[in-house]
Structure formats: structure tokens, C-alpha cells
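All chains are named by letter (A, B, ...) in the order of the sequence lines, taking the proteins before the strands, and each is independently numbered beginning at 1.
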Number of protein chains: 2
Amino acid sequence: MGRKKNKDIIPHEAIRRLSLYLRALKWLSRKKIKVVSSDEITKYLNTIPAQFRKDLSYFGGFGKRGVGYNVEALIREIEKILGTNMVWDIALIGAGKLGTALLGYAGFMEFNLKIAIAFDNDRSKAGRVFGNIRIEPISRMKKEIREKKIKIALLTVPAQYAQKISEDLVQCGIKAILNFAPVNLHLANDIHVAHVDMASELGSLVYRLKHKSSHK
Amino acid sequence: MGRKKNKDIIPHEAIRRLSLYLRALKWLSRKKIKVVSSDEITKYLNTIPAQFRKDLSYFGGFGKRGVGYNVEALIREIEKILGTNMVWDIALIGAGKLGTALLGYAGFMEFNLKIAIAFDNDRSKAGRVFGNIRIEPISRMKKEIREKKIKIALLTVPAQYAQKISEDLVQCGIKAILNFAPVNLHLANDIHVAHVDMASELGSLVYRLKHKSSHK
DNA sequence: CATTTCTTGTGAAAAAAGTAACAAATGGGC
DNA sequence: GCCCATTTGTTACTTTTTTCACAAGAAATG
């Protein structure tokens, strides 16, 4: 049952890679491939076989020596580890350009995440529907998130509102935030925050470009 | 003059943090703050003073002991290091929901990046204008990127086309790609690729949420 | 059923990154 | 001009993460 060796602590990056492994496995599954070796699967990933095996070994031994990994079984194991073996409702706050783009993004489904509700500050947006989701006025945010017991939020509001709104979110029970605003959020440290920051990602690309070094 | 100690190699993450430092410095600048210490600035960042100083020290000594860092001067230094002290034209490939959202995103400007041209496969989209950028048919992509000597591309096409199109991009001179498609690109290793992957970021958030550990 | 060929899981080694600690500057007050 | 409070830049140390290397398990072959 997702037994992990608790003598070792699990590298943060290993968890992130688990998501990538899951995606690759699902792709193999769609191609009707039943069994895959660490050598084979890492051809489609940006890593090496030893790392794939090591990452999995933090959670248990899922492969068979001399054979490889059963694709379907490993999908189920990783989903169990990540917690994506059940549907998680998520809330989207801020239905601007990026927010509405995310409302139509199918990629969340891949991890069993479903945008269940969306809010925007601009009352004129309230009532409009994007990809089956109706935008609600932000005044109802606290009430609805609490009622629906939503734990995860996508934050796509302008930078200047991000801190305040994230505090409101925490108040009504949100425990994890994927922050798209270009500011660092200061929240209690039992609140999990991940940051998607395109511009700064580009910043480091420009650096590497200018300095002509290999990216590998 | 951007003097770096070449005995030490520069941690990849240090470069990414440089972008974050730059953003914080610009914010201080707008607030008319002239000088800032590593202690003060890291209050707005997700890091500690020692790391801020260490990261900068890879590139030179920009502060003054007993005083701190001159905000304007440090902005210029970091821009020079990153290469964002000049405007870079970038191309956007794929004007779907996410692509068009990015066309209207102001955050690129912050790093002197300007979407100069956009392409889409769907001919019916060609000619439409989003945020001053006209969508061109993808048939003209190679020619125009070559002519305009663009080196950086945002790739927002569906996963199944990403590899093929990225190869085309490399052919016409693109050297750096910010990939939003949920696949790993296999390209010559003098091509710099960064990956923005919201769904997998959420995957690791769900894990952390389920396992209740602190995110710090 | 012994042998050969694979391929995993893992402990140990290596590399990389982050943190701490402190000597060396700096400026202000007196 | 000397002392004191600051704050940097850097070296040394610690922790984390990655990579290597190989023993052990599994199937296939004759």
C-alpha cells in the first residue's frame, strides 16, 4: 500500500519526475505496450534509467528483474503515490486571458484534476461560461470553496492582488495553490505553493542562449 | 564588466533565481528605493540572504559592504548578465487558447522580450489579431523566422505536433524554445529548451497535499 | 537444469547545491 | 580619526541529489 522506505527522505525533484513518468506510461499504454524497461522509457524522458529506477525505489519495487515494468500496474501505483487515483476538484481564481485559457485546457484531466469552479473580480464576467465552467463573482468565493470543500486553487489574478487573495483562499480551506502571478506568496508553511513563472523561465533561456552552452 | 569567476561553475538554479531577483529589484525601483540589503530583499523572495549574495558572487561583487546594493545599478548588472538589456524578438507557434492568452500577456516585457510574430496551423485563424500581433499561416513560419533572425520561440501547439515543429524551428535558426506542450523534445543539445508544465506541477502539489508535509 | 541474457533495486561514490560563519569593507557618530 | 554597527564576499562545511556499479532475480534456450 504505497509503502515507502522512511529511512530515506524523498527528493523533491523525484516527485516532480513521477508526474512525467506517469505521462509517459499513459502514452505507452495508449500504444498498447504492456511492459517497458527503464532503458526504454527514459528514451522518451529527459533522464537516465538509473534515475527512473531510483525514483521508483523510494516507494517500492514495482518492476520485475530481467523483464521491466508492467505499464498498467505502474500507472496505478504512481497514481496511488501521487494521489491522482481520485478526482480532485480545483478552483480557478481570476478569469483573465490566462485563466480562461486554463478553463479550456484538457491537460489537467490527465492527472484527474477538474476545474470545478471559477471566480473573477470583474462582475461583468460573472455568468459567462468557458468550457463548461461558469464564472462566479469573487464575492461568493469564500462561501463556495468552503462548501465544496475544495483544497486546490489555480491563482491567475494580477500580481498586486495575489497575496491578499491567497490569504482569503487559505482562510476558506485551500491547502495547495498553483500560483501564476509573478510574485512570491507568503503563507503559513503548511500551505503548499507551486509557482509557474514563464517570464523568468525565459530569462534563464536568454542567459543560456547568450552564453552558448549546451542545455543538457 | 560581467566578470565571472570561471573556477566555479554556476548552478543552473542560480540563473533562474537571477530573474526573480531582477523582478524584485524592479519592484523596489518603482517604490523609489535606492539601496537594498540582501536581508531586506530576500524578505520578498523565497530564499535567504546568503543565497542571494552567493548567487550574485558568481558574477562579481555588486554590493557595498556595510551598505547594501544600489537598486538601479544592480538591475542593470543583472540585465547585462541575463542578456535582457536588449529587446529580444520572440516567435509564438500555436495560437490556440494558451497561445492567444500569451499574446496578451504583459509579463514578457518585464524581461525585454517581445512577441514579434505568431503562427497557427489553422488557416482560418490567419489574419486575426490578438494584442497587436497578427496570426500568420504556419506555411510562412520558416521563411519569416529566418528573415527576422528570431532565436527564441514559444511553443504552444498540441503535443503530437511539438516534436516535428520544434525540428522545423531549429532548421530555421531558432536556438531556444519555451515548450508548453506536455512532451519532451529531442533536439540537438546546442538548442536550449525550457519546459512549462502546469499539469505535472499540480501532480506534485497533490502529492504534497496528500502527504501533509510542509512545503518549505 | 545449467547457462546465458536481461534488467531491476540499491548501497556506495561523486557531484551539485545550499547554508553558515566570519574576515574585510564601509559609513556614521562623536 | 577612532570606534561601532552594518553588511558584503567568500571560504568552509553540510546537505541533498545524482550517478555508478553490481549483486540478485527472472525468463528463455537448449
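Contact check, Tyr58(B) against dA16(C): no side-chain N or O comes under 4.0 Å of OP1 or OP2. Phosphate proximity of dT8(C) to Ser38(A): present, with a side-chain N or O under 4.0 Å from OP1 or OP2. For dT18(D), one of the phosphate oxygens OP1 or OP2 lies less than 4.0 angstrom from a side-chain nitrogen or oxygen of Arg17(A). Taking only side-chain nitrogens and oxygens, Gln51(A) comes nearer than 4.0 Å to OP1 or OP2 of dT19(D). Using a 4.0 Å cut-off, no side-chain N or O of Tyr69(B) falls inside it from OP1 or OP2 of dT6(D).
Toward the 5′ end of DNA chain C lies the nearest nucleotide of Gly68(A), the other residue of the pair His12(B) and Gly68(A) mapping further downstream. Where Val36(B) and Ala50(A) each meet DNA chain D at their nearest nucleotide, the meeting point lying more 5' is that of Val36(B).
Under the ring pair (Phe, Tyr, Trp, His ring centres under 6.0 Å) criterion, Phe108(A) pairs with Tyr105(A), sequence neighbours left out. Applying the side chain to side chain donor-acceptor pair (under 3.5 Å) test to Lys114(B) and every residue at least two apart in sequence or in another chain returns nothing.
Using a 4.5 Å heavy-atom threshold, the side chains of Gln51(A) and Asp55(A) count as touching.
Using a distance-only test at 3.5 Å, with no hydrogens or angles considered, a donor-acceptor pair links the side chain of Gln163(B) to the main chain of His186(B). For the pair Thr156(A) (side chain) and Gly94(A) (backbone), a donor-acceptor distance under 3.5 Å is present. Using modelled atom types, no side-chain atom of Asp89(A) and backbone atom of Ile150(A) make a donor-acceptor pair closer than 3.5 Å.
Set against dA17(C), dG9(C), dG9(D), the side chain of Arg53(B) has dG9(D) as its closest nucleotide.
Sorted pairs that involve residues 175-184 of chain B and meet side-chain hydrogen bond (donor to acceptor under 3.5 Å, both in side chains), not counting sequence neighbours, are lacking altogether. Applying the ring pair (Phe, Tyr, Trp, His ring centres under 6.0 Å) rule to pairs touching residues 28-57 of chain A yields Tyr21(A)-Phe52(A), Trp27(A)-Tyr44(A), Phe52(A)-Tyr69(A), sequence neighbours excluded.
Contact check on Glu13(B) versus Arg16(B) returns a salt bridge, with a Lys/Arg side-chain nitrogen under 4.0 Å from an Asp/Glu carboxylate oxygen. Using a 4.0 Å cut-off between charged side-chain N and carboxylate O, Asp168(B) and Lys164(B) make a salt bridge.
Using a 4.0 Å heavy-atom distance criterion, Leu56(A) is classed as making no nucleic acid contact.
To the nearest angstrom, C1' of dG9(C) lies 15 Å from CZ of Phe59(A). Counting to the nearest Å, the C1' atom of dT17(D) and the CD atom of Glu13(B) are 12 Å from each other. Asp55(A) has its CG atom 7 Å from the P atom of dT18(D), to the nearest Å. Atom C1' of nucleotide dT18(D) and atom CD1 of Ile9(B) are separated by 13 Å, given to the nearest angstrom. Counting to the nearest Å, the P atom of dT14(D) and the CD1 atom of Ile48(B) are 16 Å from each other. Straight-line distance from the NZ atom of Lys54(A) to the C1' atom of dC20(D): 10 Å, rounded to whole Å. Separating the CG atom of Asp39(A) from the C1' atom of dC6(C) is a distance of 10 Å, rounded to the nearest angstrom. In this entry the distance linking CG of Asn70(A) with C1' of dA26(D) reads 15 Å, nearest Å.
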- Message: At under 4.0 Å between heavy atoms, how does the protein contact nucleotides 25-30 of chain C? Give one character per nucleotide, 5' to 3', with B, S or -.
- Response: BBS---

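Residues from residues 19-28 of chain A that place a heavy atom under 4.0 Å from any atom of DNA chain C: there are none.
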